[in-house]
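Notes follow once the structure below has been shown.
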There are 2 protein chains.
Amino acid sequence: MKELNQSQFALLGLLSIAPMSGYDLKQLSEWSVGHFWRESYGQIYPSLRKLEELGLVKHSTETKPGRPDRHVYRLTRAGEGELEHWLELPPVNEVPRNELLLKLFFGGLIGPEACIEHLSKHLLKLHEDLAAYEATQKRIEKESGKHPQRRYWSLTLSYGEHITKAQIAWCEKSMRELKRQGTENRE
Amino acid sequence: MKELNQSQFALLGLLSIAPMSGYDLKQLSEWSVGHFWRESYGQIYPSLRKLEELGLVKHSTETKPGRPDRHVYRLTRAGEGELEHWLELPPVNEVPRNELLLKLFFGGLIGPEACIEHLSKHLLKLHEDLAAYEATQKRIEKESGKHPQRRYWSLTLSYGEHITKAQIAWCEKSMRELKRQGTENRE
DNA sequence: CGTAGCATGTAAGTTGTTACATGATTCG
DNA sequence: CGAATCATGTAACAACTTACATGCTACG
(Lines give C-alpha, C1' and ligand atoms only; values in the text may rest on other atoms or scores of the structure.)
Protein backbone atom coordinates (compact mmCIF):
# COMPACT_ATOMS: atom_id res chain seq x y z
CA MET A 1 0.00 0.00 0.00
CA LYS A 2 2.60 2.53 -1.15
CA GLU A 3 1.67 6.20 -0.92
CA LEU A 4 1.36 8.25 -4.04
CA ASN A 5 3.99 10.84 -4.75
CA GLN A 6 3.62 14.47 -5.78
CA SER A 7 3.84 13.68 -9.48
CA GLN A 8 0.98 11.27 -9.26
CA PHE A 9 -1.22 13.72 -7.42
CA ALA A 10 -0.37 16.34 -10.00
CA LEU A 11 -1.59 13.97 -12.71
CA LEU A 12 -4.80 13.27 -10.81
CA GLY A 13 -5.32 16.99 -10.56
CA LEU A 14 -4.88 17.58 -14.25
CA LEU A 15 -7.25 14.73 -15.02
CA SER A 16 -9.85 16.47 -12.84
CA ILE A 17 -9.98 19.19 -15.49
CA ALA A 18 -10.81 16.75 -18.26
CA PRO A 19 -10.10 13.16 -19.34
CA MET A 20 -6.81 13.09 -21.19
CA SER A 21 -4.03 10.99 -22.64
CA GLY A 22 -0.44 11.03 -21.43
CA TYR A 23 0.46 13.18 -24.37
CA ASP A 24 -2.32 15.65 -23.56
CA LEU A 25 -1.22 15.78 -19.94
CA LYS A 26 2.24 16.82 -21.02
CA GLN A 27 0.92 19.50 -23.38
CA LEU A 28 -1.63 20.92 -20.97
CA SER A 29 0.74 20.92 -18.02
CA GLU A 30 3.32 22.85 -19.95
CA TRP A 31 1.30 25.98 -20.47
CA SER A 32 -0.99 25.76 -17.47
CA VAL A 33 1.24 24.79 -14.55
CA GLY A 34 4.52 24.83 -16.42
CA HIS A 35 5.87 27.84 -14.56
CA PHE A 36 5.86 25.94 -11.26
CA TRP A 37 5.45 22.27 -12.12
CA ARG A 38 7.02 20.08 -14.80
CA GLU A 39 6.51 16.45 -15.65
CA SER A 40 8.42 14.32 -18.14
CA TYR A 41 7.05 11.40 -20.13
CA GLY A 42 9.35 9.18 -18.13
CA GLN A 43 7.18 10.00 -15.13
CA ILE A 44 3.80 10.35 -16.80
CA TYR A 45 3.38 7.02 -18.54
CA PRO A 46 4.53 4.74 -15.72
CA SER A 47 2.50 6.82 -13.24
CA LEU A 48 -0.70 6.49 -15.25
CA ARG A 49 -0.27 2.73 -15.18
CA LYS A 50 0.24 2.71 -11.49
CA LEU A 51 -2.73 4.94 -10.86
CA GLU A 52 -4.84 2.58 -12.89
CA GLU A 53 -3.60 -0.42 -10.92
CA LEU A 54 -4.69 1.39 -7.78
CA GLY A 55 -8.10 2.05 -9.28
CA LEU A 56 -7.74 5.82 -9.17
CA VAL A 57 -8.04 6.31 -12.92
CA LYS A 58 -9.22 4.15 -15.78
CA HIS A 59 -8.53 4.41 -19.46
CA SER A 60 -10.34 3.84 -22.70
CA THR A 61 -8.68 3.57 -26.08
CA GLU A 62 -9.54 5.84 -28.96
CA THR A 63 -8.62 4.58 -32.38
CA LYS A 64 -8.35 6.72 -35.47
CA PRO A 65 -7.13 5.45 -38.81
CA GLY A 66 -3.61 6.58 -39.64
CA ARG A 67 -3.11 7.83 -36.07
CA PRO A 68 -1.53 6.19 -33.06
CA ASP A 69 -4.02 4.93 -30.50
CA ARG A 70 -4.88 7.38 -27.76
CA HIS A 71 -5.18 6.06 -24.23
CA VAL A 72 -7.59 8.45 -22.59
CA TYR A 73 -7.52 8.38 -18.81
CA ARG A 74 -10.27 9.65 -16.54
CA LEU A 75 -10.59 9.90 -12.77
CA THR A 76 -12.62 7.34 -10.90
CA ARG A 77 -14.60 8.23 -7.78
CA ALA A 78 -11.75 6.82 -5.70
CA GLY A 79 -9.32 8.99 -7.64
CA GLU A 80 -11.35 12.11 -6.96
CA GLY A 81 -11.47 11.23 -3.29
CA GLU A 82 -7.71 10.71 -3.06
CA LEU A 83 -7.10 13.96 -4.87
CA GLU A 84 -9.38 16.01 -2.64
CA HIS A 85 -7.87 14.50 0.46
CA TRP A 86 -4.39 15.40 -0.69
CA LEU A 87 -5.42 18.92 -1.64
CA GLU A 88 -6.56 19.55 1.92
CA LEU A 89 -3.23 18.52 3.43
CA PRO A 90 -0.86 21.40 4.12
CA PRO A 91 1.59 21.72 1.23
CA VAL A 92 5.19 20.85 1.93
CA ASN A 93 7.63 23.25 0.37
CA GLU A 94 11.29 22.45 0.21
CA VAL A 95 13.89 25.07 -0.56
CA PRO A 96 14.37 25.13 -4.32
CA ARG A 97 17.95 25.16 -5.47
CA ASN A 98 19.04 28.19 -7.41
CA GLU A 99 22.25 27.94 -9.38
CA LEU A 100 22.33 31.62 -10.25
CA LEU A 101 22.33 32.59 -6.58
CA LEU A 102 24.94 29.99 -5.80
CA LYS A 103 27.25 31.41 -8.44
CA LEU A 104 26.66 34.95 -7.25
CA PHE A 105 27.37 33.91 -3.69
CA PHE A 106 30.86 32.93 -4.83
CA GLY A 107 30.98 35.92 -7.17
CA GLY A 108 34.13 37.29 -5.59
CA LEU A 109 36.09 34.58 -7.37
CA ILE A 110 35.06 35.70 -10.84
CA GLY A 111 34.53 39.42 -10.31
CA PRO A 112 31.68 41.85 -10.86
CA GLU A 113 31.76 41.78 -14.68
CA ALA A 114 31.07 38.06 -14.86
CA CYS A 115 28.29 38.41 -12.30
CA ILE A 116 26.69 41.23 -14.24
CA GLU A 117 26.81 39.00 -17.29
CA HIS A 118 24.92 36.25 -15.45
CA LEU A 119 22.40 38.76 -14.15
CA SER A 120 21.74 40.37 -17.49
CA LYS A 121 21.01 37.01 -19.08
CA HIS A 122 18.67 36.25 -16.24
CA LEU A 123 16.96 39.58 -16.71
CA LEU A 124 16.21 38.77 -20.32
CA LYS A 125 14.67 35.49 -19.29
CA LEU A 126 12.53 37.25 -16.70
CA HIS A 127 11.08 39.60 -19.27
CA GLU A 128 10.24 36.66 -21.48
CA ASP A 129 8.54 35.00 -18.55
CA LEU A 130 6.46 38.08 -17.91
CA ALA A 131 5.32 38.16 -21.51
CA ALA A 132 4.47 34.47 -21.30
CA TYR A 133 2.30 35.05 -18.24
CA GLU A 134 0.30 37.67 -20.09
CA ALA A 135 -0.14 35.34 -23.03
CA THR A 136 -1.29 32.58 -20.72
CA GLN A 137 -3.76 34.88 -19.01
CA LYS A 138 -5.33 35.59 -22.37
CA ARG A 139 -5.33 31.95 -23.30
CA ILE A 140 -7.14 31.09 -20.09
CA GLU A 141 -9.76 33.73 -20.77
CA LYS A 142 -10.31 32.44 -24.28
CA GLU A 143 -10.14 28.70 -23.84
CA SER A 144 -11.97 28.51 -20.54
CA GLY A 145 -14.06 31.65 -20.19
CA LYS A 146 -16.66 29.59 -18.42
CA HIS A 147 -14.60 27.10 -16.46
CA PRO A 148 -15.30 27.49 -12.71
CA GLN A 149 -11.62 27.05 -11.83
CA ARG A 150 -10.24 29.86 -13.92
CA ARG A 151 -10.04 32.17 -10.89
CA TYR A 152 -7.67 29.72 -9.26
CA TRP A 153 -5.59 29.47 -12.37
CA SER A 154 -5.25 33.24 -12.43
CA LEU A 155 -4.08 33.10 -8.83
CA THR A 156 -1.06 31.02 -9.76
CA LEU A 157 -0.30 33.25 -12.73
CA SER A 158 -0.47 36.24 -10.46
CA TYR A 159 2.15 34.56 -8.29
CA GLY A 160 4.41 34.25 -11.29
CA GLU A 161 3.96 37.90 -12.12
CA HIS A 162 4.66 39.02 -8.58
CA ILE A 163 7.85 37.13 -8.12
CA THR A 164 9.08 37.80 -11.62
CA LYS A 165 8.67 41.54 -11.14
CA ALA A 166 10.40 41.29 -7.79
CA GLN A 167 13.29 39.47 -9.42
CA ILE A 168 13.53 42.10 -12.13
CA ALA A 169 13.79 44.80 -9.48
CA TRP A 170 16.42 42.79 -7.63
CA CYS A 171 18.41 42.12 -10.80
CA GLU A 172 18.49 45.78 -11.77
CA LYS A 173 19.45 46.89 -8.30
CA SER A 174 22.16 44.25 -8.06
CA MET A 175 23.61 45.13 -11.43
CA ARG A 176 23.77 48.80 -10.45
CA GLU A 177 25.57 47.93 -7.25
CA LEU A 178 28.04 45.67 -8.97
CA LYS A 179 28.82 48.36 -11.54
CA ARG A 180 29.35 50.95 -8.86
CA GLN A 181 31.66 48.58 -7.05
CA GLY A 182 33.59 47.84 -10.20
CA THR A 183 34.41 51.49 -10.87
CA GLU A 184 35.10 52.38 -7.24
CA ASN A 185 37.68 49.65 -6.98
CA ARG A 186 39.80 51.13 -9.73
CA GLU A 187 40.93 54.06 -7.61
CA MET B 1 36.43 11.56 -16.67
CA LYS B 2 32.94 12.05 -15.23
CA GLU B 3 31.76 15.64 -14.84
CA LEU B 4 31.07 17.01 -11.41
CA ASN B 5 27.52 17.75 -10.44
CA GLN B 6 26.03 20.87 -8.87
CA SER B 7 26.38 19.54 -5.34
CA GLN B 8 30.06 18.98 -5.79
CA PHE B 9 30.63 22.45 -7.18
CA ALA B 10 28.68 23.86 -4.27
CA LEU B 11 31.05 22.09 -1.90
CA LEU B 12 34.08 23.40 -3.74
CA GLY B 13 32.60 26.84 -3.43
CA LEU B 14 32.09 26.58 0.29
CA LEU B 15 35.62 25.27 0.71
CA SER B 16 36.86 28.37 -1.08
CA ILE B 17 35.72 30.37 1.93
CA ALA B 18 37.79 28.33 4.34
CA PRO B 19 39.06 24.77 4.87
CA MET B 20 36.34 22.76 6.56
CA SER B 21 35.08 19.35 7.60
CA GLY B 22 31.92 17.73 6.26
CA TYR B 23 30.19 18.69 9.44
CA ASP B 24 31.28 22.30 9.10
CA LEU B 25 30.11 22.39 5.51
CA LYS B 26 26.66 21.35 6.59
CA GLN B 27 26.53 23.97 9.36
CA LEU B 28 27.88 26.80 7.29
CA SER B 29 25.72 26.04 4.29
CA GLU B 30 22.59 26.09 6.38
CA TRP B 31 22.78 29.68 7.42
CA SER B 32 24.72 31.09 4.52
CA VAL B 33 23.17 29.56 1.40
CA GLY B 34 20.40 27.65 3.13
CA HIS B 35 17.63 29.76 1.66
CA PHE B 36 18.48 28.65 -1.87
CA TRP B 37 20.74 25.63 -1.54
CA ARG B 38 20.62 22.57 0.73
CA GLU B 39 22.94 19.63 1.08
CA SER B 40 22.51 16.49 3.16
CA TYR B 41 25.25 14.41 4.76
CA GLY B 42 24.31 11.66 2.37
CA GLN B 43 25.65 13.89 -0.38
CA ILE B 44 28.43 15.67 1.45
CA TYR B 45 30.55 12.79 2.69
CA PRO B 46 30.61 10.70 -0.48
CA SER B 47 31.18 13.85 -2.55
CA LEU B 48 34.20 14.90 -0.50
CA ARG B 49 35.73 11.50 -1.12
CA LYS B 50 35.14 11.76 -4.80
CA LEU B 51 36.54 15.28 -4.97
CA GLU B 52 39.64 14.04 -3.23
CA GLU B 53 40.03 11.15 -5.68
CA LEU B 54 39.91 13.70 -8.47
CA GLY B 55 42.56 15.78 -6.76
CA LEU B 56 40.32 18.82 -6.34
CA VAL B 57 40.50 18.81 -2.56
CA LYS B 58 42.72 17.17 0.01
CA HIS B 59 42.16 16.50 3.66
CA SER B 60 44.12 16.47 6.85
CA THR B 61 42.98 14.92 10.08
CA GLU B 62 42.69 16.87 13.30
CA THR B 63 42.68 14.83 16.47
CA LYS B 64 41.47 16.05 19.80
CA PRO B 65 41.20 13.89 22.90
CA GLY B 66 37.62 12.95 23.72
CA ARG B 67 36.41 14.28 20.36
CA PRO B 68 35.81 12.50 17.08
CA ASP B 69 38.48 13.07 14.46
CA ARG B 70 37.86 15.97 12.15
CA HIS B 71 38.65 15.54 8.48
CA VAL B 72 39.43 19.01 7.31
CA TYR B 73 39.26 19.48 3.55
CA ARG B 74 40.87 22.27 1.59
CA LEU B 75 40.85 23.20 -2.08
CA THR B 76 43.82 22.32 -4.21
CA ARG B 77 44.93 24.52 -7.11
CA ALA B 78 43.13 22.19 -9.46
CA GLY B 79 40.02 22.51 -7.34
CA GLU B 80 40.13 26.29 -7.47
CA GLY B 81 40.52 26.14 -11.22
CA GLU B 82 37.55 23.83 -11.67
CA LEU B 83 35.45 26.01 -9.43
CA GLU B 84 36.28 29.21 -11.26
CA HIS B 85 35.63 27.62 -14.61
CA TRP B 86 32.21 26.44 -13.45
CA LEU B 87 31.34 29.82 -11.96
CA GLU B 88 31.85 31.45 -15.35
CA LEU B 89 29.45 29.10 -17.12
CA PRO B 90 25.92 30.46 -17.48
CA PRO B 91 23.78 29.07 -14.66
CA VAL B 92 21.09 26.60 -15.62
CA ASN B 93 17.86 27.18 -13.82
CA GLU B 94 15.12 24.62 -13.90
CA VAL B 95 11.58 25.41 -12.89
CA PRO B 96 11.29 24.69 -9.19
CA ARG B 97 8.23 22.72 -8.17
CA ASN B 98 5.82 24.47 -5.87
CA GLU B 99 3.28 22.31 -4.09
CA LEU B 100 1.36 25.27 -2.71
CA LEU B 101 0.72 26.62 -6.19
CA LEU B 102 -0.23 23.20 -7.45
CA LYS B 103 -2.83 22.86 -4.72
CA LEU B 104 -4.18 26.34 -5.37
CA PHE B 105 -4.40 25.61 -9.06
CA PHE B 106 -6.85 22.84 -8.22
CA GLY B 107 -8.41 24.97 -5.48
CA GLY B 108 -11.86 24.75 -7.00
CA LEU B 109 -12.09 21.19 -5.70
CA ILE B 110 -11.65 22.15 -2.06
CA GLY B 111 -13.12 25.67 -2.03
CA PRO B 112 -11.87 29.09 -1.01
CA GLU B 113 -11.76 28.44 2.75
CA ALA B 114 -9.27 25.60 2.42
CA CYS B 115 -7.14 27.69 0.05
CA ILE B 116 -7.15 30.62 2.44
CA GLU B 117 -5.98 28.22 5.13
CA HIS B 118 -3.03 27.12 3.00
CA LEU B 119 -2.19 30.72 2.17
CA SER B 120 -2.31 31.94 5.75
CA LYS B 121 0.10 29.22 6.85
CA HIS B 122 2.40 30.18 4.02
CA LEU B 123 2.17 33.81 5.05
CA LEU B 124 3.37 32.98 8.54
CA LYS B 125 6.33 31.13 7.10
CA LEU B 126 7.18 34.09 4.88
CA HIS B 127 7.33 36.45 7.83
CA GLU B 128 9.63 34.05 9.63
CA ASP B 129 11.84 33.93 6.55
CA LEU B 130 12.04 37.72 6.44
CA ALA B 131 13.10 37.82 10.06
CA ALA B 132 15.71 35.15 9.35
CA TYR B 133 17.17 37.21 6.49
CA GLU B 134 17.63 40.17 8.78
CA ALA B 135 19.30 37.99 11.37
CA THR B 136 21.61 36.57 8.73
CA GLN B 137 22.48 40.03 7.46
CA LYS B 138 23.60 40.95 10.96
CA ARG B 139 25.51 37.72 11.34
CA ILE B 140 27.36 38.39 8.11
CA GLU B 141 28.29 41.87 9.26
CA LYS B 142 29.58 40.55 12.55
CA GLU B 143 31.35 37.36 11.57
CA SER B 144 32.86 38.62 8.35
CA GLY B 145 33.08 42.39 8.57
CA LYS B 146 36.28 42.23 6.58
CA HIS B 147 35.69 39.33 4.21
CA PRO B 148 35.92 40.56 0.59
CA GLN B 149 32.96 38.43 -0.48
CA ARG B 150 30.43 39.82 1.93
CA ARG B 151 28.91 42.09 -0.74
CA TYR B 152 28.08 39.04 -2.79
CA TRP B 153 26.55 37.33 0.18
CA SER B 154 24.34 40.33 0.77
CA LEU B 155 23.24 40.15 -2.84
CA THR B 156 21.76 36.71 -2.35
CA LEU B 157 20.08 37.78 0.88
CA SER B 158 18.62 40.73 -0.92
CA TYR B 159 17.14 38.29 -3.41
CA GLY B 160 15.46 36.44 -0.59
CA GLU B 161 14.03 39.65 0.79
CA HIS B 162 12.72 40.76 -2.56
CA ILE B 163 10.91 37.60 -3.44
CA THR B 164 9.66 37.04 0.09
CA LYS B 165 8.10 40.48 0.17
CA ALA B 166 6.58 39.88 -3.25
CA GLN B 167 5.11 36.64 -2.01
CA ILE B 168 3.67 38.36 1.03
CA ALA B 169 1.95 40.90 -1.20
CA TRP B 170 0.65 38.12 -3.43
CA CYS B 171 -0.60 36.08 -0.48
CA GLU B 172 -2.49 38.98 1.00
CA LYS B 173 -4.02 39.95 -2.30
CA SER B 174 -5.02 36.37 -3.04
CA MET B 175 -6.57 35.90 0.37
CA ARG B 176 -8.62 39.06 -0.07
CA GLU B 177 -9.86 37.88 -3.45
CA LEU B 178 -10.76 34.45 -2.17
CA LYS B 179 -12.69 35.96 0.73
CA ARG B 180 -14.60 38.28 -1.56
CA GLN B 181 -15.42 35.35 -3.80
CA GLY B 182 -16.59 33.27 -0.87
CA THR B 183 -19.15 35.85 0.27
CA GLU B 184 -20.32 36.75 -3.23
CA ASN B 185 -21.14 33.17 -4.01
CA ARG B 186 -23.58 32.89 -1.15
CA GLU B 187 -26.20 35.03 -2.89
C1' DC C 1 11.78 15.83 -48.88
C1' DG C 2 12.72 17.15 -44.34
C1' DT C 3 10.77 18.66 -40.16
C1' DA C 4 7.30 19.09 -36.79
C1' DG C 5 3.48 17.10 -34.58
C1' DC C 6 0.97 13.09 -32.88
C1' DA C 7 1.43 9.27 -29.68
C1' DT C 8 3.29 5.59 -27.02
C1' DG C 9 6.58 3.80 -24.06
C1' DT C 10 11.32 1.81 -21.78
C1' DA C 11 16.05 1.54 -19.87
C1' DA C 12 19.86 3.28 -17.85
C1' DG C 13 21.77 6.33 -15.25
C1' DT C 14 21.98 10.22 -11.81
C1' DT C 15 20.68 12.43 -7.91
C1' DG C 16 18.86 12.94 -3.67
C1' DT C 17 16.66 11.86 0.94
C1' DT C 18 16.05 9.19 5.06
C1' DA C 19 16.97 6.33 8.47
C1' DC C 20 20.33 4.01 10.75
C1' DA C 21 24.77 3.14 13.33
C1' DT C 22 28.32 4.76 16.60
C1' DG C 23 29.95 7.11 20.68
C1' DA C 24 31.95 10.75 23.56
C1' DT C 25 31.00 15.31 25.89
C1' DT C 26 28.59 19.19 27.63
C1' DC C 27 24.76 21.65 29.38
C1' DG C 28 20.56 22.28 31.89
C1' DC D 1 19.98 11.88 33.68
C1' DG D 2 18.42 13.09 29.29
C1' DA D 3 19.03 15.92 25.35
C1' DA D 4 21.82 18.40 22.31
C1' DT D 5 26.19 18.93 20.02
C1' DC D 6 30.16 17.14 17.85
C1' DA D 7 31.51 14.06 14.08
C1' DT D 8 31.66 10.40 10.79
C1' DG D 9 29.66 7.58 7.59
C1' DT D 10 26.50 3.85 4.84
C1' DA D 11 22.49 1.47 2.80
C1' DA D 12 18.17 1.43 0.96
C1' DC D 13 15.18 3.54 -1.42
C1' DA D 14 12.65 7.14 -4.13
C1' DA D 15 12.48 10.30 -7.74
C1' DC D 16 13.71 12.23 -11.90
C1' DT D 17 15.97 13.02 -16.53
C1' DT D 18 17.63 11.68 -20.84
C1' DA D 19 18.15 9.25 -24.65
C1' DC D 20 16.35 5.88 -27.33
C1' DA D 21 12.84 3.25 -30.16
C1' DT D 22 8.81 3.32 -33.31
C1' DG D 23 6.08 5.06 -37.09
C1' DC D 24 2.47 7.68 -39.40
C1' DT D 25 0.73 12.30 -41.26
C1' DA D 26 0.62 17.10 -42.47
C1' DC D 27 2.87 21.10 -43.81
C1' DG D 28 6.01 24.16 -46.16
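Lettering follows sequence order; numbering is per chain, from 1.
Of the candidate nucleotides D:dT10, C:dG9, D:dA15, D:dA15 has the atom lying nearest to any side-chain atom of A:Q43. The side chain of A:S21 approaches C:dA7 more closely than any other nucleotide in the set C:dA7, C:dG23, D:dG9. The listed nucleotides are C:dC6, C:dT17, D:dG9; the one nearest the side chain of A:P68 is C:dC6. Taking the side chain of B:Q27 as heavy atoms from C-beta on, and the options C:dT8, C:dT15, D:dC6, the nearest nucleotide is D:dC6.
For D:dC16, the OP1/OP2 oxygens have a side-chain nitrogen or oxygen of A:S7 closer than 4.0 Å. For B:S40 and C:dT17, the shortest distance from a side-chain N or O to OP1 or OP2 is below 4.0 Å. For B:R97, no side-chain nitrogen or oxygen approaches OP1 or OP2 of D:dA15 to under 4.0 Å. Between A:R49 and C:dT10, a side-chain N or O to OP1/OP2 separation shorter than 4.0 Å is present.
Atom OH in B:Y23 sits roughly 14 Å away from atom C1' in C:dG23 (whole-Å rounding). Rounded to whole Å, atom C1' of C:dT14 lies 15 Å from atom CZ of B:F9. Spacing between atom NZ of B:K64 and atom P of C:dT26 amounts to 12 Å, rounded to whole angstrom units. Look at CD on A:E3: it is 15 Å from C1' on D:dC13, rounded to the nearest Å. Note: NZ (B:K26) to P (D:dC6) measures 13 Å, nearest angstrom. Summarising the geometry, the separation between CD1 on B:I44 and C1' on D:dA7 is reported as 12 Å, rounded to the nearest angstrom. The CG-P distance, from B:N5 to D:dA15, rounds to 20 Å in whole Å. Whole-Å rounding puts the A:L28 CG to C:dA7 P distance at 14 Å.
Base engagement by B:G42 is indicated by at least one non-hydrogen atom pair under 4.0 Å involving a base atom. Residue A:R38 is classed as having no contact, given no heavy-atom separation below 4.0 Å to the nucleic acid.
Residue A:D69 is the one, among A:P46 and A:D69, whose nearest nucleotide of DNA chain C lies closer to the 5' end (criterion: closest heavy atom). If you find the closest nucleotide of DNA chain D to A:Y41 and to A:L4, the one lying nearer the 5' end belongs to A:L4. For the pair B:V72 and B:E94, nearest-nucleotide mapping onto DNA chain D gives the more 5' position to B:V72.
Atom CD of A:Q8 is separated from atom CG of A:L51 by 5.0 Å, given to the nearest 0.5 angstrom.
Of the options B:Y152, B:F9, B:W37, B:W153, a ring pair (Phe, Tyr, Trp, His ring centres under 6.0 Å) to A:F105 is made by B:W153 and by none of the others.
Residues B:K26 and B:S40 approach most closely at NZ-CA, 4.2 Å, considering heavy atoms. Heavy-atom minimum distance, B:A169 versus A:H162: CB-CD2, 4.3 Å.
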query: After noting the C-alpha distance and the side-chain angles of B:K103 and B:E99, does the key distance pass the salt bridge (charged side-chain N to carboxylate O under 4.0 Å, His left out) rule?
result: CA-CA 6 Å; B:K103 288 188 170 173; B:E99 196 181 309; 3.0 Å; yes

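Remark: the backbone N or O of A:R49 is not paired with any side-chain donor or acceptor of A:E52 at under 3.5 angstrom.
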